[in-house]
Amino acid sequence: VQLQASGGGLVQTGGSLRLSCVASGSTFRLNTIGWYRKAPGKQRELVADISRSFSTNYVESVTGRFTISRDNARNTAYLQMSSLKPEDTAVYYCSAHWTYLSDPPVSARAWGQGTQVTVSS
C-alpha cells in the first residue's frame with residue numbers, strides 16, 4: 001500500500017485547509033488512519049486518527065478546530081483544519097494500518113510523504 005498526502009499550503013491565521021490521504025494498492029483493507037505532524041525542533045505528534053468504524057481521537061490542541069474523516073470506498077482520509085494558528089505550522093503526514101487480504105491475512109503499516117502546512121501570523 002502506498003499513501004499519497006496532499007492539500008498543504010500557506011494560510012493566514014484563522015484560515016482553513018483540507019488535507020487528503022489516498023491509499024493505493026491491491027487486495028487490501030485500510031484499518032486505522034492517522035494524521036501526524038512534525039514541527040521544527042519538536043517531536044512528531046499524532047494529531048488525529050480514525051478507525052475503520054469511524055471512531056476518532058484528537059490531540060487536545062486541535063480539538064474543536066480539526067476534523068478527521070474517511071471514505072472507505074475511496075480508500076481516502078481527510079483532515080479538515082479550521083481556525084489555524086501559527087503553532088499548527090508543521091509537515092503533516094498520514095499513516096495507515098492496513099491488512100493485505102491474503103490467506104492468512106498480513107497486517108502492516110504505511111506512511112505517506114509529508115505535506116507542508118504553514119500558518120502565517
Side-chain angles (χ1 to χ4, degrees):
V1 168
Q2 292 187 325
L3 302 179
Q4 180 72 39
S6 62
L10 172 64
V11 295
Q12 293 184 333
T13 296
S16 299
L17 284 173
R18 188 175 84 152
L19 306 183
S20 298
C21 176
V22 180
S24 61
S26 62
T27 324
F28 69 96
R29 181 185 69 233
L30 287 178
N31 302 318
T32 297
I33 304 171
W35 284 98
Y36 293 76
R37 65 186 178 187
K38 175 73 170 66
K42 295 185 178 181
Q43 291 187 333
R44 184 179 65 193
E45 68 171 346
L46 174 64
V47 176
D49 64 18
I50 183 168
S51 71
R52 187 167 180 82
S53 59
F54 307 102
S55 176
T56 60
N57 292 291
Y58 297 91
V59 68
E60 185 176 354
S61 61
V62 308
T63 299
R65 300 188 298 121
F66 290 11
T67 301
I68 190 170
S69 60
R70 65 187 290 167
D71 183 335
N72 288 336
R74 290 183 167 83
N75 289 319
T76 301
Y78 306 96
L79 185 67
Q80 178 66 48
M81 305 185 295
S82 302
S83 302
L84 283 161
K85 305 175 181 179
E87 51 263 44
D88 295 317
T89 295
V91 178
Y92 284 70
Y93 300 88
C94 61
S95 178
H97 293 270
W98 61 279
T99 300
Y100 179 59
L101 301 176
S102 54
D103 185 15
V106 176
S107 294
R109 185 176 189 178
W111 287 88
Q113 90 293 357
T115 184
Q116 177 71 46
V117 172
T118 303
V119 185
S120 62
S121 57

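Nothing fancy with the numbering, it's 1 onward along the sequence.
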Are S51 and N31 packed together at the side-chain level, in the sense that at least one heavy-atom pair is separated by less than 4.5 angstrom?
no
So does V119 get a backbone contact from the side chain of T89, meaning a donor-acceptor N/O pair under 3.5 Å?
yes
Apply side-chain contact (heavy atoms from CB on, under 4.5 Å) to the pair S16 and M81, showing each step before the final yes or no.
CA-CA 5 Å; S16 299; M81 305 185 295; over 6 Å; no
Do L19 and Y78 have side-chain heavy atoms sitting under 4.5 Å apart?
no
Side chains of Q116 and T118: is there a donor and an acceptor less than 3.5 Å apart?
yes
Contact check, side chains of V91 and T115, non-hydrogen atoms, under 4.5 Å:
no
Going through the checks in order, is the side-chain contact (heavy atoms from CB on, under 4.5 Å) test met by D88 and R37?
CA-CA 9 Å; D88 295 317; R37 65 186 178 187; 3.0 Å; yes
Judged by atom type as modelled, is there a donor-acceptor pair below 3.5 Å linking the side chain of R52 to the main-chain atoms of L30?
yes
Among T63, D49, V47, exactly one meets side-chain contact (heavy atoms from CB on, under 4.5 Å) together with N57. Which residue is that?
D49
Measure centre to centre between the rings of Y36 and W111, then say whether the value is under 6.0 Å.
yes
Atom pair OG1/NE2 of T32 and H97 - distance to nearest 0.5 Å
6.5 Å
Co-membership, hydrophobic cluster, residues L46 and Y93, 4.5 Å side-chain:
yes
Any donor-acceptor pair under 3.5 Å from S95 side chain to A110 backbone
yes
With clusters defined by side-chain heavy atoms of hydrophobic residues (ILVMFWY) lying less than 4.5 Å apart, directly or transitively, does V59 cluster with W35?
yes
Short side-chain to backbone donor-acceptor contact, Q113 and A5, under 3.5 Å:
yes
Minimal heavy-atom distance between I50 and S69, with the atoms involved, is CD1-CA, 3.8 Å
F66 versus L79: any side-chain heavy-atom pair under 4.5 Å?
yes
In Å and rounded to the nearest 0.5 Å, what is the CG to OG distance from N75 to S24?
9.0 Å
For I68, does its backbone N or O pair with a side-chain atom of Y58 as donor and acceptor, under 3.5 Å?
yes
Can you list the steps and then say if L84 with T13 is a side-chain contact (heavy atoms from CB on, under 4.5 Å)?
CA-CA 5 Å; L84 283 161; T13 296; over 6 Å; no
Non-hydrogen side-chain atoms of K38 and Q43 separated by less than 4.5 Å
no
How about Q2: does its CD atom have over 12 heavy atoms from other parts shown lying under 6.0 Å from it?
no
Check the side chains of S107 and T99 for a donor-acceptor pair under 3.5 angstrom, ignoring hydrogens and angles.
yes
For residues Q4 and C21, determine if any side-chain heavy atom of one lies less than 4.5 Å from a side-chain heavy atom of the other.
no
Distance col, row R70:CZ vs I33:CD1, nearest 0.5 angstrom, shows 3.5 Å
Just checking, any donor-acceptor pair under 3.5 angstrom between side chains of S53 and S55?
no
